[in-house]
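Written below as structure tokens is the structure these notes are about.
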There are 2 protein chains.
Amino acid sequence: MKHLRILTYVAEVARHGAIRRAAERLNITPSALTRQIQDIEYELGTPIFERVAQGMRLNAAGELLVRHIRDQRADLERVRSQIADLSGVRRGHVALACSQAFVNHVVPDEVEAYRALFPQVTFTVQVRDHVQAVAALTQFEADLALVLQPPPSADMQVLFACRQTLCALMRAGHPLAAETGPVRLRDCLVHPMAVPDRSLAIRHHLDDALARRGTPLNAVIESSSLEFLRNLVLREDAVSLQVPSGIPDDPRLRFRPIDARDLPPMSLILAQLRGRTLPVATAKFADRFAGSLHQRYGAQGP
Amino acid sequence: MKHLRILTYVAEVARHGAIRRAAERLNITPSALTRQIQDIEYELGTPIFERVAQGMRLNAAGELLVRHIRDQRADLERVRSQIADLSGVRRGHVALACSQAFVNHVVPDEVEAYRALFPQVTFTVQVRDHVQAVAALTQFEADLALVLQPPPSADMQVLFACRQTLCALMRAGHPLAAETGPVRLRDCLVHPMAVPDRSLAIRHHLDDALARRGTPLNAVIESSSLEFLRNLVLREDAVSLQVPSGIPDDPRLRFRPIDARDLPPMSLILAQLRGRTLPVATAKFADRFAGSLHQRYGAQGP
DNA sequence: TGGGCCGTTGCGATTTCGGAAACAGGAGCC
DNA sequence: GGCTCCTGTTTCCGAAATCGCAACGGCCCA
């Protein structure tokens, strides 16, 4: 590093105890060297070498300075090595904003798998609704966003997209759980509904569909917490609406997809900020994540 | 020091997030600056800034480098101070962040006393709230922090700690000034209160205590300036709440401690950044300061 | 669709740095 | 004392790094 040049001069003079020998080692002339030493001594306001007939001896101030130079060089080397690590995939930080539906197993599974490979990579996972997630991208608060039904935005560059069919969720033993396969929405609506509130994309999607049909919604319980709704469904014969990727693997829970005639599938999007070059570790994670989502849910052109 | 010039450039660009603003601060042109940055990035083999439309953002590598730069500068300052100490004259600089309560006499007295001994030592005193003061330490904007009730932080190394009892402050002639000794909080609350606002630790402390009792606060005046509150108290029969160390020696003012049953005492902390070796001048000042505080307020294990 | 802000580039001027040689002083030796 | 050999230092000059100026292209926002 260029800025250490002068300090290297000092160290070399100290090592050899003579300007001429140090100059030879450094491939410069003694004149250049003596001037640099004088400059430093002027800046420090005190000599750092004792001039003796045999050459230059460090004085006490010089000893302190040389130790500092050595420390400083070692620390810079450490930083360089850390930076070199960064440009690989071994180190780095991934900031992910995701919808609540994915905190259950999609994101944890993926983070765990990636950290098993690269334990030096750290993560920040923020739960945001579909609007705020996009905002997090544009404000550099997140590198990646995994969201349901995000509002269309030119700032977003889609890395993976697929469809998620909304499912009716109930406990085992619920009348609707007697059968499997698609269920009609009207068959759900006769039961007490425990639905996400308007802070969640699922609810917007549902309201849109119902409004088109003029069907009223019989919402007994609404909540901003999908986890709360699931816990409620376990306690009474209510029906909730959730996406499969948000439903935990619990033997007490059953879910059946809503018939596509009643509710179009929602879009699941993994995106980054358009035009941004992500750090290597983050880009690599995004790649693997997209691949893994593809394997889980199949493709759908971005 | 000359060799830090380029590193200073990096730090300044990082601080301002833009080359042009940084160039203005450094009194050079943007072109010179952009070239230096590019040189460093070439030397490191990787960009340290992410170019965005609004300017320059540090990337992970840049974060590492900037932290190194800060450390390096602090260490050089320490060495310079040690060297100066060798030659007998102690010189150096002390950067102190303190709560507003101490600008009245605690800090000025101490600075004056120290400068009487070592006139070559210069001081920077920044007034920060208890949260920002800790941040100033971690960002190397301050060497020492003297604060009331700081949030617990692993980065802080406590050099001195004691308790400060909150006092009711009123003018001479106020009904409460008729007696001396502890006063109950409820006896204060019947008067118009002129209290610090929520930017000050005193108010947080007060709110906590009142919330626990469900007592409402009748805040006629609130201000972020303790000095303003004192001046107000001089003009009308209001009661303020301040710590003794912040109350000036003014014959027109009276203060009585709040009974410990109503308000627990607050903690007064002198701290530095953990693990940092302070320059000689700063360390000596910190020693003397801790001793002086001990003498004033008695000890209390850190 | 301009205006304003951003970083970047080419080029000429300036400052800094390094090289060659001469200078000054001390140590060892005859 | 004089000579030699070493040391660091100074002077002058050319080379190289650095900087300032003006212009360019991209982006955002009104």
Side-chain angles (χ1 to χ4, degrees), chain A residues 1-44 46-59 61-62 66 134-135 137-140 153-157 272-277, chain B residues 1-44 46-59 61-62 65-66:
Chain A
M1 292 282 289
K2 229 179 333 185
H3 73 279
L4 293 176
R5 199 195 53 228
I6 309 182
L7 297 185
T8 306
Y9 291 175
V10 176
E12 203 65 19
V13 171
R15 175 186 309 273
H16 289 90
I19 282 195
R20 291 188 123 94
R21 281 195 292 277
E24 194 172 351
R25 282 268 300 171
L26 294 166
N27 292 317
I28 60 172
T29 53
S31 65
L33 201 40
T34 191
R35 260 183 309 230
Q36 296 295 352
I37 301 293
Q38 286 169 342
D39 282 354
I40 288 198
E41 291 180 329
Y42 178 79
E43 278 186 7
L44 288 176
T46 172
I48 55 175
F49 287 101
E50 187 182 341
R51 271 74 171 171
V52 296
Q54 292 77 18
M56 312 276 275
R57 272 183 63 82
L58 279 177
N59 66 14
V66 167
V134 177
L137 285 184
T138 61
Q139 287 165 22
F140 290 84
S153 161
D155 289 335
M156 269 189 10
Q157 178 177 338
Q272 68 162 84
L273 188 62
R274 181 171 302 283
R276 178 159 174 219
T277 304
Chain B
M1 293 281 287
K2 228 183 328 184
H3 71 281
L4 291 177
R5 192 183 30 118
I6 308 184
L7 297 185
T8 307
Y9 290 176
V10 176
E12 203 66 17
V13 172
R15 177 185 306 273
H16 289 90
I19 282 196
R20 290 188 123 95
R21 281 195 292 278
E24 194 172 352
R25 284 268 301 172
L26 294 166
N27 293 318
I28 59 172
T29 54
S31 61
L33 199 41
T34 191
R35 267 183 297 245
Q36 296 294 352
I37 301 292
Q38 285 169 341
D39 283 355
I40 288 198
E41 291 181 329
Y42 177 80
E43 278 186 9
L44 289 176
T46 173
I48 55 174
F49 287 101
E50 189 180 341
R51 272 72 171 174
V52 295
Q54 292 78 19
M56 312 276 276
R57 280 178 58 84
L58 278 178
N59 64 16
L65 182 65
V66 167

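Side-chain atoms are counted along with the backbone in the values below, which use heavy atoms only and exclude waters and symmetry mates. Reminder, nothing fancy here: chain letters follow the sequence lines and each chain counts from 1.
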Practice problem: Might you confirm whether atom CZ of A:Arg274 has over 12 heavy atoms from other residues, nucleotides or ligands at distances under 6.0 Å? | Solution: yes
Quiz item: Taking atom P of D:dG8 as reference, at what distance in whole Å does atom CD of A:Gln36 sit?
Solution: 16 Å
Exercise. Could you walk me through whether A:Met56 and A:Ile37 pass side-chain contact (heavy atoms from CB on, under 4.5 Å), step by step?
Key: CA-CA 11 Å; A:Met56 312 276 275; A:Ile37 301 293; 4.3 Å; yes
Practice problem: Flag yes if more than 12 heavy atoms outside B:Arg57 fall under 6.0 Å of its CZ atom; otherwise flag no. | Solution: yes
Self-check item: Neighbours of DNA chain D within residues 12-23 of chain B, by heavy-atom distance under 4.0 Å
Solution: none
Quiz item: Separation of A:Leu273 atom CG from D:dC28 atom C1', in whole Å?
Solution: 13 Å
Exercise. Please report the closest heavy-atom contact between B:Ala23 and B:Pro30, naming both atoms and the distance.
Key: CB-N, 3.7 Å
Self-check item: Atom-to-atom span, CD1 of A:Ile37 to P of D:dG8 - whole angstrom
Solution: 10 Å
Quiz item: Any side-chain heavy atom of B:Ile40 sitting closer than 4.5 Å to one from B:Tyr9?
Solution: no
Practice problem: Verify, without hydrogens or angle tests, whether B:Gln54 (side chain) and B:Gly17 (backbone) share a donor-acceptor contact under 3.5 angstrom. | Solution: no
Quiz item: Quick one: which of D:dC28, D:dG8, D:dT11 gets closest to the side chain of A:Thr34?
Solution: D:dG8
Quiz prompt | Which residue lies more 5' along DNA chain D, comparing A:Asp155 with B:Ile6 via nearest heavy atoms | solution = B:Ile6
Exercise. In whole angstrom, give the distance that lies between atom CZ of A:Arg35 and atom P of D:dC12.
Key: 12 Å
Practice problem: Calculate the interatomic distance between B:Asn27 atom CG and D:dC19 atom C1'; express it in whole Å. | Solution: 13 Å
Quiz item: What is the distance, rounded to the nearest whole Å, between atom CD of B:Gln54 and atom C1' of D:dG26?
Solution: 12 Å
Quiz item: Which residue, A:Ala53 or A:Thr29, contacts DNA chain C at a nucleotide closer to its 5' end, judged by nearest heavy atom?
Solution: A:Thr29
Quiz item: Hey, does the side chain of B:Tyr9 come within less than 4.0 Å of D:dC19's phosphate (OP1/OP2), counting only N and O?
Solution: yes
Quiz item: Starting at CG of A:Asp39 and ending at C1' of D:dT9, how long is that distance when rounded to a whole Å?
Solution: 13 Å
Self-check item: Heavy atoms from other residues, nucleotides or ligands near CD of B:Glu12 exceed 12 (cutoff 6.0 Å)
Solution: yes
Quiz item: Is it the case that more than 12 heavy atoms not belonging to A:Arg15 sit under 6.0 Å from its CZ atom?
Solution: no
Self-check item: Under-4.0 Å side-chain N/O to phosphate OP1/OP2 contact, A:Lys2 with D:dT18
Solution: yes
Quiz item: Between which nucleotides of DNA chain C, 5' to 3', does chain A make heavy-atom contacts below 4.0 Å?
Solution: C:dC17 to C:dA27
Self-check item: Qualifying residue for side-chain contact (heavy atoms from CB on, under 4.5 Å) with B:Val13, from B:Leu58, B:Thr34, B:Ile19, B:Val66
Solution: B:Ile19
Quiz item: Which nucleotide in the set D:dG20, D:dT9, D:dC19 lies at the smallest distance from any side-chain heavy atom of B:Arg5?
Solution: D:dC19
Quiz item: D:dC21 C1' sits how many Å from B:Leu33 CG, rounded?
Solution: 16 Å
